[in-house]
Structures are given as structure tokens and as C-alpha cells.
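Each chain gets a letter, A, B and so on, in the order the sequences are listed, and its residues count up from 1. What you see below is based on every heavy atom in this structure, not just the backbone, and it leaves out hydrogens, waters and symmetry mates.
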Amino acid sequence: MHVYIENIADYDGKKVLIKGWLHNKRSSGKVRFLLIRDGTGIVQSVIAKDEADEKIFEIADKITQESSLIITGMVRKDDRAPGGYEIIADSIEVLQMAIDYPISPKEHSIDYLLPLRHLWLRSRKQNAIMRIRHHIIKALRDFFDDQGFICADTPILTPAACEGTTTLFKVDYYDQEAYLSQSGQLYNEAAAAALGKVYCFGPTFRAEKSKTRKHLTEFWMLEPEVAFIELDGIIDLAEDMIIYMIEKVLSKSKTELNTLKRDPSKLESIKKPFPRISYKEAVEIIKKKEPDFKYGDDFGAPHEAVIGEHFDQPVFIHHFPAAIKAFYMKRDPNDESLALGVDMIGPEGYGELIGGGQREDDHDILLKRIKEYKLPEEAFQWFLDLRKFGTCPHGGFGLGLERTIAWICGIKHVRETIPFPRMLDKIYP
RNA sequence: UCCUCGGUAGCUCAACGGUAGAGCAUCCGGCUGUUAACCGGAGGGUUGCAGGUUCAAAUCCUGCCCGAGGAGCCA
């Protein structure tokens, strides 16, 4: 009976069939230990010369790392086995013998591993990260679905810049210029006015010349958008979402966090309510460590780190100077120079994980902003329509998936949080 | 685009002006409970590229190429 390794404990004393690959091999005299992985886990198989068929012992002796195989045998509980269970093999079929697998069970440089990403994914650590990625995605979707949000995905091919500021990837759309989406937000606003509460969750593209551990040129963003909501409600939503997601990861991914040597107490200590400070308060905290920082400057990575360390919790920063925020942000009715935007800075130096806020809902003011920011008015006609036909206070945010995964997993670089990272000048494999 | 660091065996690194070395991987041999197993042996090199200094360059100098980390921008 074909059994997945993650369920092996249910078959103690029974005969099973495992399909997988050879992860590693050890031997001692007349005993061979095969470590077999099938994607769900790793189990040790034991072949002793006296007990096993001569042919099987020969195969166990010759089989190489990452060869594909089918093995049958009795499951036995044994404390000496990694994972607590092992298989006494009585047959081994090698589907294909792998020759010179390039990733040995030793340390390798990132230089070497990145071009081998298609094979690197097989490693224990990468496997754990991908499993956690899956559970994070599922938790985020469940959170919104359970509250009646509708997933209304937005286009990836778009006619113009959403924000007009960041660099876009240009593509040839028949004979027109088109761009890969850098945010679904504008379309989300239309969808929210149709469906009330929506989100989109898909890849997004930024052709920035960014070369840091926090940047990918193709990354996944979850963007909820809600009609009839104001800034405080948006922050509440983001806060509840993060708490829900962390609880799910802690309950579903203990093994994987352990594989990654991620201390779960770092996540268990994340508790509601997260600090909520204004940009002005944030500036005062930053100035204590970086006296050169001036009110009106946008935060750089070191400034985000100062805020993150100061609180040791995710922090919401709101009421930014409007000058450093996007054209569609609603201004504070009490102070025209401030925008009702909010960013969430992650702890442990993971930087900005969430950016969002309340949108401008007045037609004439939005039109004025489009002109001020020198954006092509025609392209935004449909966006202005949303303010002409039943406008309402609304808003939402975008969550950077890979940065969130990096934080949860406690790994430094976002390139390991997506199966096939796309980075500056890097598009292979 | 800028700043910093790096490029030596298949991989990870050492040698820092005087015969280019180790661990792992591979191959051969040994060991009946291994835990990145261990022990013995073997093969494996245009020291990123091009110039220069020197009796002698992996090592010093110049230029170039490639990579990593960071900055700006952002999620």
C-alpha cells in the first residue's frame, strides 16, 4: 500500500510501499541506511546484509543521491531512527539512477545554489519554507473568505501605471504598449464598489533596480479593499489578519519552524493590539538614534529598523506627509498636508510588510491630484467614474507575501521564500 | 547608479612574494545501528580575464568581467 512518509507512524508493524528519492545514505559494515524523501518527509530504511536479499543489499550499496525509487518493507518504531520510525526494506526498485547530483549534503554558497534552484527546492530547508508559504497563503485566504470577502482578481496586463511612480515592465500587447501590473489596487476599488468586500491575490511586478534582501522583481501581493471603511477600520483588519495568520502557522507548521530553527516564541509573543503611531511620533523615535532625520523625509531601511526594534511588535505608522505618498490617498480633513495612509513595519528588521490606507473619494479633489502628479487623465477616467457614481469612504492595503514569509520563517532573504525568484538581472531557472 | 566585500579542485575554504593544500563529493578498500557516520587509499588545478612590476605572482599594481551584501525606491 502506497504510504506518504508524513503518515508513517500510523503504519507501525505494517508493510508499506514508499515512492520517492534517495536523500542520503549511510553505512556501517554490513548494514546500509537509506534516507528516503517523498516530499512529505524523510524516513530511514535499513538493509542488513544477513537479513536482506543479496540483490537488495547490492542496490542499497550502489544507489546514489536523488535517484528515484520505490521501496517496500515493514515499518518499525526505533528510537535510533531519525523521526522515530524506520522501514526494514524487503524490495527496492530504482526507477532511475541519478549520476553526479550537484548538491551534496554540505554547505553551499548562494552563488552556486541559485542557478540550481530547480534542484535546491528538494532540500529539507527549502521544503520547509515552501510548506510554510502554502500555509500562510491558505490562512490569509481563509481569513478573508470567512468574513465574506470575495476574491476578485485584478488584471496583470494593464494599460497604464497604477501609481505612475515606480518602474514598470513594458510588454508588447499586439500593437499597443502595455505594462505588467505593479498593484491591483485601482481595480480593487472598482470591485469593492461592486461586491462590498474584496481581495486580490496574485503576482505583481516592479522593474526597480533594487538589489537587496527585501526585493524581488516578481512578488505576490494580497490586497483587500473594503467599501464604507475608514482608516481605523483598515488598521483593525490588517491587525486581525496578521494575528490569524500567525496562529495558523503556529498550529500547522511546528515541524517546519523547527527544521528552520525558527524560535516559535518570537511569533507567540506577537499580540494584539499592535502599536499605532503617527508619522510625527515615528520621526521623534527615529531622531533619538538618527539626529539627521528630518520631518518630511520618507523612511529608509535603517529608519524602519529603528521603529521595529523600539517596539518588538509589528507597528502601524499612519498620517504620513501627503507629499511622500501616492496621489489617490485621502487627506486628513484636519490637516491637508497629511495623508490617511498606513504602513505596517515588521519586527526583527523585516521592514515594511503592509502599505495601504483610505482612498480619496471626492471626484474633483482626485482629478486635481491626477493633474498635480502629472498623470494622464484619460487613463484614469474609469477610476474617476467610481467617484461620480455613488462614491463612499473606502480603503484597503497590500501585504507583501514574500517579506511576510521571510519574517515568519526567520530567514534573511526573500529569494528563498518563493519557488523561483525573479531578481534584478536574474531569470534562470 | 553609488558604496563595501569577494572570485583558488565538482563543492566549501586555506595558502597572502619562494614546489598550490585541507575537508566534503567521486572511485577503491574496511567496519552489523548509522545520525552532515567513521577509518585507510586514489584520481582531481590555465588560482575569473587581460596587461604590468619582479630572479620568482594565487599573493603586489592597473583595467575589465562576474557575483554577494548594502544604499536609493518600494511590498
Spacing of the P atoms in B:A42 and B:A22 (rounded, Å): 10 Å
Sugar-phosphate only, base, or nothing, as touched by A:D298 at under 4.0 Å among non-hydrogen atoms: sugar-phosphate
cation_pi(A:K170, A:Y179) dist<6.0 Å, angle<=45: no
Nearest-Å distance once atom C1' is located in both B:U34 and B:A75: 46 Å
A:V46 vs A:L399, nearer the 5' end of RNA chain B by closest nucleotide: A:V46
Between B:A36 (C1') and A:K261 (NZ): distance, integer Å: 11 Å
A:R262 with A:E256: basic N within carboxylate O range, under 4.0 Å: no
Minimum-distance nucleotide (side-chain atoms of A:M221 versus B:A75, B:A68, B:U34): B:A75
Spacing of A:E218 atom CD relative to B:A75 atom P, expressed in whole Å: 17 Å
Protein-nucleotide distance (A:R26, atom CZ; B:C39, atom C1'), rounded to Å: 17 Å
Residues that A:A227 engages under side-chain contact (heavy atoms from CB on, under 4.5 Å), provided they are two or more places apart: A:C392
A:T212 side chain, from C-beta outward: closest of B:G72, B:A36, B:A68: B:G72
Sub-4.5 Å side-chain heavy-atom contact between A:P347 and A:P314: yes
Can you give the donor-acceptor pairs under 3.5 Å from side chains of residues 12-26 of chain A to other protein atoms, not counting sequence neighbours?
residue: A:D12; atom: OD1; partner: A:K77; partner atom: N; Å: 3.3
residue: A:K25; atom: NZ; partner: A:D61; partner atom: O; Å: 3.0
residue: A:K25; atom: NZ; partner: A:I63; partner atom: O; Å: 2.8

Touch class at under 4.0 angstrom, heavy-atom based, for A:G300 against every strand present: sugar-phosphate
Sugar-phosphate, base or nothing in reach of A:A81, heavy atoms under 4.0 Å: base
Gap between atoms NE2 and C1', on A:H215 and B:A75 respectively (whole Å): 8 Å
Interatomic distance at P, B:A15 relative to B:G6, whole Å: 12 Å
Under 4.0 Å protein heavy-atom contact, by nucleotide of nucleotides 3-13 of chain B - B base, S sugar-phosphate only: -------SSS-
Salt-bridge criterion met for A:E372 and A:R369 (N-O under 4.0 Å): yes
Sequence neighbours left out, cut at 3.5 Å: what donor-acceptor pairs do the side chains of residues 296-312 of chain A make with other protein atoms?
residue: A:D297; atom: OD2; partner: A:K294; partner atom: N; Å: 3.2
residue: A:H303; atom: ND1; partner: A:G300; partner atom: N; Å: 2.8
residue: A:E304; atom: OE1; partner: A:E352; partner atom: N; Å: 3.4

C1' gap between B:C39 and B:C5, integer Å: 39 Å
Nearest-Å distance for atom pair CD/P, residues A:E208 and B:G72: 12 Å
Touch class at under 4.0 angstrom, heavy-atom based, for A:E223 against every strand present: nothing
Ring centre gap for A:F144 and A:F201 strictly below 6.0 Å: no
Rounded P spacing from B:C11 to B:C3 in Å: 30 Å
Non-hydrogen side-chain atoms of A:Q358 and A:M329 separated by less than 4.5 Å: no
Pairs where residues 94-105 of chain A contributes a residue and the test side-chain hydrogen bond (donor to acceptor under 3.5 Å, both in side chains) is met, not counting sequence neighbours: A:S104-A:H108
Per A:R80 side chain, nearest of listed nucleotides B:A71, B:A36, B:G33: B:G33
Side-chain donor-acceptor contact under 3.5 Å, A:Q44 with A:E86: yes
Whole angstrom value for the distance that separates C1' of B:C66 from CE of A:M423: 15 Å
Separation of B:G33 P from A:R32 CZ (nearest whole Å): 12 Å
Contacts of type salt bridge (Lys or Arg N to Asp or Glu O under 4.0 Å), residue A:K125, not counting sequence neighbours: A:E416
Whole-Å C1' distance, B:G40 and B:G7: 34 Å
Residue-level proximity of residues 56-79 of chain A to RNA chain B when a heavy atom falls under 4.0 Å: A:R76, A:D78
Sugar-phosphate only, base, or nothing, as touched by A:E86 at under 4.0 Å among non-hydrogen atoms: base
Partners passing side-chain contact (heavy atoms from CB on, under 4.5 Å) against A:L114 (at least two apart in sequence or in another chain): A:I110, A:W120, A:R415, A:P421, A:M423, A:K426
RNA chain B-proximal residues of residues 412-421 of chain A, any heavy atom under 4.0 Å: A:H413, A:R415
Separation between the P atoms of B:C61 and B:G45, rounded to whole Å: 29 Å
Sugar-phosphate, base or nothing in reach of A:I354, heavy atoms under 4.0 Å: sugar-phosphate
Ring-on-base stacking B:A75 with A:F219 (under 5.5 Å, under 30°): yes
Base-pair map of RNA chain B as dot-bracket, where | denotes pairing with a different strand and pairs are Watson-Crick or G-U under 3.5 Å: (((((((..((((....[..)))).(((((.......))))).....(((((..]....))))))))))))....
Working for salt bridge (Lys or Arg N to Asp or Glu O under 4.0 Å), residues A:D142 and A:K248: CA-CA 10 Å; A:D142 287 348; A:K248 285 292 172 190; over 6 Å; no
Rounded P spacing from B:C65 to B:C27 in Å: 41 Å
Under the side-chain contact (heavy atoms from CB on, under 4.5 Å) test, residues paired with A:T417 that sit two or more places apart: A:E402, A:I405, A:A406, A:I411, A:V414
Whole-Å distance separating the CD1 atom of A:I103 from the P atom of B:U26: 14 Å
Counterpart residues, salt bridge (Lys or Arg N to Asp or Glu O under 4.0 Å), relative to A:R122 (two or more places apart): A:E66
